[in-house]
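Within every chain, numbering begins at 1; the chains are lettered A, B, ... in the order of the sequence lines, protein sequences first and strands thereafter.
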2 protein chains.
Amino acid sequence: MAPTSETLTAERILAATEEVLRRHGPAKATVVDVARALGVSHGSVYRHFRTKAALREAVTQHWLDRTSEALAGIVAEDRDPASRMRDWFTALFAAKRKKAGDDPQLFATYQVLIGETSAVVERHIADLTGQLTEIVQDGVARGVFDAADPAVSARAAFDATGRFHDPCYAREWEQPGIEADFEAVVALVLRGLRA
Amino acid sequence: MAPTSETLTAERILAATEEVLRRHGPAKATVVDVARALGVSHGSVYRHFRTKAALREAVTQHWLDRTSEALAGIVAEDRDPASRMRDWFTALFAAKRKKAGDDPQLFATYQVLIGETSAVVERHIADLTGQLTEIVQDGVARGVFDAADPAVSARAAFDATGRFHDPCYAREWEQPGIEADFEAVVALVLRGLRA
DNA sequence: CAGATGACAGATTTCAATATCTGTCATCTG
DNA sequence: CAGATGACAGATATTGAAATCTGTCATCTG
């Protein structure tokens with residue numbers, strides 16, 4: 001975090017903010033801290049982000065987008081939609097659980113950020129259900145799924161698996177038996193979708 | 001809340017505690033307040049409940065049990081298990097949504113209490129999934145459901161509908177479109193269960 | 001002159017003192 | 001003597017003064 005003479009960009013501010021949030025947590029991370037980490041005055045940060053809330057929002061979006069990108073690969077694969085959907089949910093669950101388990105403090109930090117910015121979260125959920133919709137559509141096209149409205153079915157499947165990706169359930173993800181519960185819900189959902 | 005000369009019972013303390021919680025909220029409701037409302041010393045309250053936590057736990061359990069009892073009637077009815085399960089989930093969603101919508105402050109109070117006592121909540125969930133299991137078993141017996149392990153399927157159905165009964169989603173229950181989302185998930189679950 | 005600065009006002013947070021609460025128990029009362 | 005009491009110690013919450021932060025803007029600098 002040595003002050004550098006590189007030009008101050010939104011990206012550098014974002015990276016510094018992530019670091020400050022990691023170190024200080026959501027309550028104590030201030031714009032002044034971010035500016036100090038970059039070796040600039042806090043007024044300069046406000047040139048790139050209108051408010052502290054906007055800065056946090058950008059950080060949150062970046063964090064959520066990384067998950068979406070990791071799952072996009074599964075959607076693009078060319079194989080049985082049912083097992084692709086199972087793998088997609090398994091990957092989503094694994095990714096979230098890893099984040100929550102590896103650095104619980106950082107995960108708690110992002111839970112706070114997520115609670116602040118419903119708009120970003122809605123966009124993230126729209127992203128994910130969009131991916132799922134593609135899988136459902138593919139399944140309908142191949143005749144293995146029966147869904148009158150793929151977007152509605154995708155959203156229902158996403159909602160139904162909430163216990164395995166919604167952060168509000170994070171504390172349950174380490175308990176024994178959660179794997180079995182996950183398998184049972186995914187099996188139920190896939191049975192409900194099949195033609 | 002005039003001090004009466006009736007004997008001090010656990011029930012009267014419970015009722016007074018509910019009232020104090022309603023008035024003061026979870027953060028400011030003290031054992032001293034409860035004793036004052038009953039016109040006794042706080043030492044007397046500790047004769048009936050070992051700790052403040054135990055008192056709150058009892059109040060929480062009472063609150064949760066009222067929901068379980070309201071649903072038990074649907075389980076006992078003698079008709080098509082599929083529509084009975086649909087009605088059961090609809091009644092559960094309606095009951096929770098009514099509680100959250102009618103008195104948001106009181107609902108928030110109970111959310112705090114619920115967060116304090118995981119054991120009571122686990123028992124409540126076991127109660128509810130037990131009721132669901134009976135419906136699933138009945139469906140299997142009648143040949144309309146296909147479930148290798150009714151308890152597992154019941155739990156999966158309960159988990160899958162979490163968005164419509166778990167308090168952590170309460171703020172979404174007033175949004176337009178939630179009814180449609182509910183119908184979609186219940187339809188998916190019922191399709192997944194049918195023989 | 002584009003971009004950085006830091007002083008400033010009002011809002012928010014921190015901190016330490018003060019007050020209240022929890023849980024215990026020796027004592028009292030009917 | 002069963003059950004209620006209130007004083008007490010240690011833990012927790014409240015409060016208000018002081019410190020810090022947010023967001024703006026007139027000024028400065030390369």
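- With both pairing distances under 3.5 Å, C:dA16 is matched to D:dT15 as a Watson-Crick or G-U wobble pair.
- Ion pairing between B:Asp138 and B:Arg84 holds under the 4.0 Å rule for side-chain N and carboxylate O.
- In this structure, B:His48 atom NE2 and D:dA2 atom C1' are separated by 11 Å, rounded to whole Å.
- For B:His42 against D:dG6, a side-chain-to-base donor-acceptor contact under 3.5 Å is absent.
- Base contact: B:Ser44 has a heavy atom under 4.0 Å from a base atom.
- Using the Watson-Crick or G-U wobble rule with both distances under 3.5 Å, C:dT29 pairs with D:dA2.
- Listed for the B:Arg12 side chain is a donor-acceptor partner under 3.5 Å among the backbone atoms of B:Thr7.
- Taking each heavy atom of B:Glu18 and B:His62 in turn, the nearest pair found is OE2-ND1, 2.7 Å.
- Taking atom CZ of residue A:Arg47 and atom P of nucleotide C:dA2, one finds them 10 Å apart after rounding to whole Å.
- The distance from atom OH of A:Tyr46 to atom P of D:dC25 is 14 Å, rounded to the nearest whole Å.
- Residues B:Lys52 and B:Thr30 have side chains that never bring a donor and an acceptor to within less than 3.5 angstrom of each other.
- The separation between A:Arg50 atom CZ and D:dT22 atom C1' is 15 Å, rounded to whole Å.
- Proximity note for A:Leu8 (side chain, C-beta onward) versus C:dA4, C:dG23, D:dA4: the nearest is C:dA4.
- When each of B:Phe158, B:Tyr169, B:Phe93, B:Trp88 is paired with B:Phe164, the ring-ring contact (aromatic ring centres under 6.0 Å, His included) condition holds for B:Phe93 and for no other.
- Contact check, A:Ser41 against C:dG6: no side-chain N or O comes under 4.0 Å of OP1 or OP2.
- Across all strands shown, D:dT24 forms a Watson-Crick or G-U wobble pair with C:dA7, both key distances being under 3.5 Å.
- What separates CD of B:Glu116 from P of D:dT12 is a distance of 14 Å, to the nearest Å.
- B:Val31 comes within 4.0 angstrom of sugar-phosphate atoms only, judged by non-hydrogen atoms across all strands, and of no base.
- Atom NZ in A:Lys52 sits about 15 Å away from atom P in D:dT24, given to the nearest Å.
- In this structure, B:His24 places its NE2 atom 15 Å from C1' of D:dA13, rounding to the nearest Å.
- At whole-Å resolution of the value, CZ in B:Arg36 and C1' in C:dC21 are 11 Å apart.
- Residue order along DNA chain C, read from the 5' end via each residue's closest nucleotide, puts A:Ala27 first among A:Ala27 and B:Ala29.
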